[in-house]
Each structure stands twice: as structure tokens, then as C-alpha cells.
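Data block below; observations after.
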Amino acid sequence: MQTLTESTVLVENGFARYDLATEFGITESDDAFQRLRAEFVDLPPDPYATEAGRNRRYARGIFLPWSREFSWIPDTHFGDQGWMNGYWQADHNPDYVGVVRKLPAMSESARNNPIIHEILSFDYAQTRWSQDDAAFPLHVGVHLIKLAVDDPGHEAISSPNELHQDGEPFVFAHLVYRRNVVGGVNVIAPPKYRGKLPSDVGDGEALAEFELTEPLESYGVTDEKVSHYVSPIKRGPGPETGERAVILVDFTPMRQHI
């Protein structure tokens, strides 16, 4: 695990792992963590993947590098669909090439949770930007995603279900909890394996393979330097629904467009 004093690891190696519960001094019994965990109870189904056992909410914000101030971008109301936010990855996600996905907005209570703000501040501290990029605000995407599976014969699947790059220069994943789950294995590999499966990665070429198992166990990637993957989950041996809940955070510079 990397610590706050090793913030260059992410840029130098293309990925890094973190233990934010220890960094923040947070335990599962803390009120803020319990409130954060409760945000995943009623996550709506991902409208683009209702059959995949994926549930999510999404919010967008602006981070000012020169003052380290963060503020949320207002949600958009789409009539009968309610409050949503558009998520765009150009052609980086082969499942949704050229599609602006309108995803359910995060709740006000999630936006105000102090742990989310600590995560955003920590994640930003791991990033590095050119002088030109640092002169503009950064767009920050924050996803609450829960994979859930009831039927022992089914899987809940992340998108895309292959090694990929997201398009945003820096992306972070933070586990909130996992319960009665088999799977959810993370694989980090060189960029040339984008679009492939972990089984296609040559012997000794995978950079890392691991599972996030503890609350606020996390990792980040420098998008241009690696491809990454998380395997589908299945329900474990217990009687309850298998669930894996994560917070994803991405940073993208907002350059002048003329």
C-alpha cells in the first residue's frame, strides 16, 4: 500500500494502491462511514445495463488546482427521468461508443458526506498536471456503483468487461464494502492489452492482480500508462445478496475550446 508521502508512485508506475481507512483514521462504525454505506442501499439500476446487476448514481464537480477548492456542478432535470448527469467517454468504452449516458444524480446527502470530500482531496493530491493543464479547472466525475447478484447462477458485470482505458487522465476506485461475493478481481496490465481479457496477457506481463476487500481499500491509475479490469462478481456461499460497492473518481482538465 502507498501512503500520502508516496504520491509520485501513481504517476511513475501507472498505478498505486492505498488504504484510506488508515490514512483518514476512519472505522466502519464511524457515523460518516455508516451514512456513506447507506447511500448504496437504494441505488437505482444503471439505465444502460439493467440486466448486468449494476446500480449507480453519478455527480460532476469542478476542482480548482490553484486554490484546491471543490464545488459540485448542478444536476440536469430530464422530465420523467428526473435529475440526471451526462457521462461521456467518447470511444473509450466499447459498450457505449459516442453515447452520452444520462445517469441518475447523486443524493444531496452523498454530496455532503465528509468522507467523499476527503477522498476527492486525497485523489487530487496523487495527480500531476502540466503547467498548461494546471491553469484551468479540473472536471471531476464521482460515481457510486454497486454490483449486486441474487441468483447463484448469474453474474454482475462492470463495463466494459475487458481490459480498458477510461479516457480520463486519472481514475481512482475506492471500495465501500463487499458482502458475500466471489470475484471482483482487479488486473492492471500494459496499455497494449486494451480490449483484451486478462487471459490474453502474456506470462509475467500483468503489472498487478488483487482484490479490494476492506472498507476504503483503494487504487488509482494513470490512464495513458496502463489498462485495467475488474472481473464480474458472483454470489458467495452465504444466503444474502452478493454486493460490491465502490466509489469511482476521475479527473479531466477543462481546456479552452474555440
For the residue pair [X] and [Y], confirm or rule out a side-chain donor-acceptor distance under 3.5 Å.
X: Glu205; Y: Tyr193; answer: yes
X: Gln34; Y: Ser29; answer: no
X: Tyr177; Y: Glu243; answer: yes
X: Ser109; Y: Asn112; answer: no

Please determine whether salt bridge (Lys or Arg N to Asp or Glu O under 4.0 Å) holds for the pair Glu217 and Arg17, giving the CA-CA distance in whole Å, both sets of side-chain angles, and the decisive distance to 0.1 Å. CA-CA 8 Å; Glu217 191 175 352; Arg17 296 180 62 187; 2.8 Å; yes
Show every donor-acceptor pair shorter than 3.5 Å between a side-chain atom in residues 136-147 and any protein atom, with sequence neighbours excluded, or say none if there are none.
unit_1, atom_1, unit_2, atom_2, d
His143, ND1, Arg56, NH2, 2.9
His143, NE2, Asp250, OD2, 3.4
Lys146, NZ, Phe40, O, 2.7

For Lys196, I'd like to know if atom NZ has over 12 heavy atoms of other residues, nucleotides or ligands within 6.0 Å. no
Does Arg68 have more than 12 heavy atoms from other residues, nucleotides or ligands lying within 6.0 Å of its CZ? no
Has the side chain of [X] got a donor or acceptor atom that lies under 3.5 Å from a matching backbone atom of [Y]?
X: His154; Y: Lys234; value: no
X: Ser231; Y: Val185; value: yes
X: Asn186; Y: Glu209; value: no
X: Ser218; Y: Leu216; value: yes
X: Asp46; Y: Asn55; value: no
X: Ser107; Y: Ala110; value: yes
X: Asn161; Y: Pro232; value: no
X: Arg54; Y: Ile157; value: yes
X: Asn180; Y: Gly238; value: yes
X: Thr241; Y: Asp150; value: no

[X] side chain near [Y] side chain, heavy-atom distance below 4.5 Å:
X: Arg60; Y: Asp75; result: no
X: Tyr58; Y: Met84; result: no
X: Thr127; Y: Phe172; result: yes
X: Leu248; Y: His174; result: no
X: Ser227; Y: His164; result: no
X: Phe170; Y: Val249; result: no
X: Lys225; Y: Phe15; result: no
X: Pro198; Y: Val187; result: yes

Within this structure, what is the [atom1]-[atom2] distance for the pair [X] and [Y], rounded to the nearest 0.5 Å?
X: Ile119; Y: Ser121; atom1: CD1; atom2: OG; answer: 11.0 Å
X: Asp223; Y: His228; atom1: CG; atom2: NE2; answer: 5.5 Å
X: Arg244; Y: Thr213; atom1: CZ; atom2: OG1; answer: 10.5 Å
X: Ile115; Y: Arg37; atom1: CD1; atom2: CZ; answer: 12.0 Å
X: Leu10; Y: Tyr219; atom1: CG; atom2: OH; answer: 11.5 Å
X: Asp133; Y: Met254; atom1: CG; atom2: CE; answer: 12.5 Å

Look at the rings of Phe251 and Tyr124 and say which category their plane angle falls in: under 30° parallel, 30 to 60° tilted, over 60° perpendicular. tilted
Would you call the rings of Trp72 and His117 parallel, tilted or perpendicular if under 30° counts as parallel and over 60° as perpendicular? perpendicular
Please determine if Arg235 and Glu240 form a salt bridge, counting it only when a charged side-chain N lies under 4.0 Å from a carboxylate O. no
Between Arg178 and Glu211, does any NZ, NE, NH1 or NH2 come within less than 4.0 Å of an OD or OE carboxylate oxygen? yes
List in chain and number order the residues that pass side chain to side chain contact (heavy atoms under 4.5 Å, CB included) with Pro191, two or more places apart in sequence or in another chain; answer none if no residue qualifies. Gln165
same_hphob_cluster(Val182, Phe210) at 4.5 Å side-chain heavy-atom cutoff: no
If you compare all heavy atoms of Ala148 against all heavy atoms of Ile233, which two are closest, and at what distance to 0.1 Å? N-CD1, 4.3 Å
